[in-house]
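Right, one structure below, let's go through it.
For clarity, every value in this text was computed on a predicted model and none was experimentally measured. The figures here come from the full heavy-atom set of this structure, side chains too, leaving out hydrogens, waters and symmetry mates.
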Amino acid sequence: MACLRKLSCILGLIVLVPLVCEARVLAPSGFVQVRGTQFILNGSPFLFNGFNSYWMMNVATEPSDRIKVSNVFREATAAGLSVCRTWAFSDGGDRALQTSPGVYDEHVFQALDFMISEARRYGVRLILSLSNNYHDFGGRPQYVQWARNAGVAINSDDDFYTNAVVKGYYKNHVQRVLTRVNTITGVSYRDDPTIMGWELMNEPRCQVDYSGNTLNDWAQEMASYVKSIDNKHLLAIGMEGFYGDSMPDRKQYNPGYQVGTDYIKNNLIREIDFATIHAYPDIWLSGQDEDAQTAFVQRWMESHLADAKAIIRKPLVFTEFGKSKKDANYSISTRGAYMNAVYLDIYNLARNGGAIGGGLVWQILAEGMESYDDGYEIVLSEEPSTNAIISQQSTKMTSLERSLG
């Protein structure tokens, strides 16, 4: 949204006053809520188009790089993107938020403060993940290693879900993040409507129990704990959507294997407010062609949406999808066709009374962030055709939201 001047009339004279021009400069008002299988904001349906930028806190630890966070929010809002999913954790290692159990780096916490305040400034809602399944930025392996270092008997990383000491470490992190008072806005995270919701973990998996039961017990305990501290925000587990043992017939929709989650049973936990799915057919079905991979994603979405609506009875967010530039047959047109197919499905499912709130593409970067390239990166200012596809979806979802309201 380009605005160059503001006209002000003083004593009969027209004065040109320069403006700092930004998209959506008003802070979000009201908390996003759930009513049945719909997201609701201020009493009306809330639909969205969104994105992932997991790196924001990490980059914002360097003051000279904070402009990259601002630029992404500015470019994203110009494309109509209104929800961003990102990390609220960094455990051990470089630029760690939590340097050891219960010990936090205030400088890094202030980087998280900045990211949240910028989202607030641009009117973007945030989904904040509280931990990671993988070793990137610490995650589950780091928590388990901390316990080992303290002399706790640990068998595998899956002890994260069952060991009392490790669970205590995680709960401490939840408490510290949710009760944090933002040094820029003065608002506690748990009181900030900029935050749409929390995720317990990015892509939790459990190798010692593929049924989904071990993870279910952990998710139940942690969801209850989160809600005991913060009952204003929505909560998701953060899962990819793999089916487990509770409804064996649904396993036909998995890409040939299980990962220790149970999409239906886990999302039926009372304190969980919405379900999530991810899809990476280029990884999960790497030997199959483009048409087969796209067809898989369509079935994946449709089956999960049907279950969200009829069984789980909660809304669904497609929290990660993308097309990698590292794929053998990649081209910008191939990515465009895939994104259009996914977006069309999301729109049609939402239009036809579905429980889906929107989709979050993985991932958007700012210019000059090549070190964060993972193949899925999109730089909106450098990729106009992709920007146009994203903007078109944002417009369609906004129009649909208005028609439902």
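- Proximity of Ser394 to Leu81: side-chain heavy atoms (C-beta onward) are separated by under 4.5 Å at one or more points.
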* I would like to know whether Cys84 and Phe73 meet side chain to side chain contact (heavy atoms under 4.5 Å, CB included); could you show each step before the answer? => CA-CA 9 Å; Cys84 171; Phe73 280 133; 4.2 Å; yes
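- Within the 4.5 Å cutoff, no side-chain heavy atoms of Asp345 are placed close to those of Phe318.
- Here the rule is ring pair (Phe, Tyr, Trp, His ring centres under 6.0 Å) with Tyr170, and of Tyr161, Trp218, Tyr225 only Trp218 fits it.
- Heavy atoms only, all atoms of each residue included: Ile184 and Phe114 are closest at CD1-CA, 3.5 Å.
- Looking at Asn387, its side chain never comes within 3.5 Å of a backbone N or O of Glu383 through a donor-acceptor pair.
- Phe51 places none of its side-chain heavy atoms less than 4.5 Å from the side chain of Ile390.
- Under the salt bridge (Lys or Arg N to Asp or Glu O under 4.0 Å) rule, Arg140 has a single partner from Asp158, Asp91, Asp159, which is Asp158.
- Judged purely by atom type and a 3.5 angstrom limit, His173 has no side-chain atom pairing as donor or acceptor with the backbone of Phe89.
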* To do: For Leu128 and Ile116, run side chain to side chain contact (heavy atoms under 4.5 Å, CB included): C-alpha distance rounded to whole Å, both residues' side-chain angles, the deciding distance at 0.1 Å, then the answer.
  => CA-CA 10 Å; Leu128 298 178; Ile116 294 172; 4.2 Å; yes
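- Nearest heavy atom pair, residue Ser385 against residue Ile332, reads OG-CG1, 3.6 Å.
- Side-chain contact, Asn216 with Gln220: no donor N or O sits under 3.5 Å from an acceptor N or O.
- With salt bridges taken as basic N to acidic carboxylate O contacts below 4.0 Å, one links Glu118 and Arg121.
- The minimum heavy-atom distance linking Ala147 with Val166 is given by the pair CB-CG2, 3.6 Å.
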* In sequence, state the C-alpha distance, the side-chain angles, and the governing distance for Met239 and Asn267, and then conclude on side chain to side chain contact (heavy atoms under 4.5 Å, CB included). => CA-CA 9 Å; Met239 299 190 305; Asn267 282 305; 3.5 Å; yes
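- Without hydrogens or angle criteria, Ser391 side chain to Ala388 main chain gives no donor-acceptor distance under 3.5 Å.
- For the atom pair CZ (Arg351) and NZ (Lys396), the distance works out to 8.0 Å, reported to the nearest 0.5 Å.
- Between the CZ atom of Arg190 and the NE2 atom of His233 there is a distance of 11.0 Å, given to the nearest 0.5 Å.
- Around the CG atom of Asp249, the shell of radius 6.0 Å holds more than 12 heavy atoms that belong to other residues, nucleotides or ligands.
- With Glu203 contributing its side chain and Asn133 its backbone, the two residues share no donor-acceptor pair below 3.5 Å.
- Without hydrogens or angle criteria, Asp282 side chain to Lys323 main chain gives no donor-acceptor distance under 3.5 Å.
- When each of Thr86, Val69, Ile364 is checked for a side-chain contact (heavy atoms from CB on, under 4.5 Å) with Trp55, only Val69 meets the rule.
- Asp209 places a side-chain N or O within 3.5 Å of a backbone atom of Thr214 that can act as its donor or acceptor partner.
- Here the side chains of Asp273 and Lys314 are not in contact, with every heavy-atom distance at 4.5 Å or above.
- Taking the ring centre of Phe48 as origin, the terminal cationic atom of Arg125 falls outside the region bounded by 6.0 Å and 45° from the ring axis.
- Considering all non-hydrogen atoms of both residues, Gln298 and Ala341 come closest at NE2-CB, 4.5 Å.
- The one candidate from Lys325, Arg335, Lys326 that meets the salt bridge (Lys or Arg N to Asp or Glu O under 4.0 Å) condition with Glu377 is Lys325.
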* Would you please test Thr183 and Asp113 for side chain to side chain donor-acceptor pair (under 3.5 Å) and show each step? => CA-CA 6 Å; Thr183 56; Asp113 292 344; 2.8 Å; yes
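- For the pair Phe242/Arg205, a side-chain contact is recorded, criterion being any heavy-atom separation below 4.5 Å from C-beta on.
- Arg250 has its side chain out of reach of Tyr263: every pair of non-hydrogen atoms, C-beta onward, lies at least 4.5 Å apart.
- Residue-environment remark: CZ (Arg313) stays at or below the threshold of 12 foreign heavy atoms within 6.0 Å.
- Atoms CD1 and OG1, from Ile378 and Thr386 in turn, are 5.5 Å apart once rounded to the nearest 0.5 Å.
- Ion pairing of Arg85 with Glu199 is present here, as a side-chain N (NZ or NE/NH1/NH2) and a carboxylate O approach within less than 4.0 Å.
- Ion pairing between Lys68 and Glu62 fails under the 4.0 Å rule for side-chain N and carboxylate O.
- The closest side-chain heavy-atom distance from Phe137 to Leu97 is not below 4.5 Å.
- Closest non-hydrogen pair, Thr99 versus Trp146, comes out as O-CZ2, 3.8 Å.
- Using a 4.5 Å heavy-atom threshold, the side chains of Asn71 and Arg74 count as touching.
- A donor-acceptor pair under 3.5 Å is formed between the side chain of Gln98 and the backbone N or O of Gly102.
- Heavy-atom minimum distance, Tyr338 versus Gly322: CE2-O, 3.4 Å.
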* Candidate pair Asn58 and Tyr372, rule side chain to side chain donor-acceptor pair (under 3.5 Å), full reasoning -> CA-CA 11 Å; Asn58 186 257; Tyr372 288 84; 2.6 Å; yes
* Step by step, would you call Tyr376 with Glu320 a side chain to side chain contact (heavy atoms under 4.5 Å, CB included)? -> CA-CA 11 Å; Tyr376 296 90; Glu320 282 191 34; over 6 Å; no
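- Gln142 places no side-chain N or O within donor-acceptor distance of the main-chain N or O of Gly92, the cut-off being under 3.5 Å.
- Put simply, OG on Ser224 and CZ on Arg270 are 7.0 Å apart, with the number rounded to the nearest 0.5 Å.
- The backbone N or O of Thr194 sits less than 3.5 Å from a side-chain atom of Asp192, completing a donor-acceptor pair.
- Aromatic ring centres of Phe31 and Phe46 lie farther apart than the 6.0 Å criterion allows.
- Here the two rings, on Tyr280 and Trp362, have centers that are 6.0 Å apart or farther.
- Remark: side-chain polar atoms of Thr179 are paired, donor with acceptor, to backbone N or O of Gln175 under 3.5 angstrom.
- Relative orientation of the Phe39 and Phe274 rings is perpendicular, given thresholds of 30° and 60° on the angle between their planes.
- Phe296 CZ: more than 12 foreign heavy atoms inside a 6.0 Å radius.
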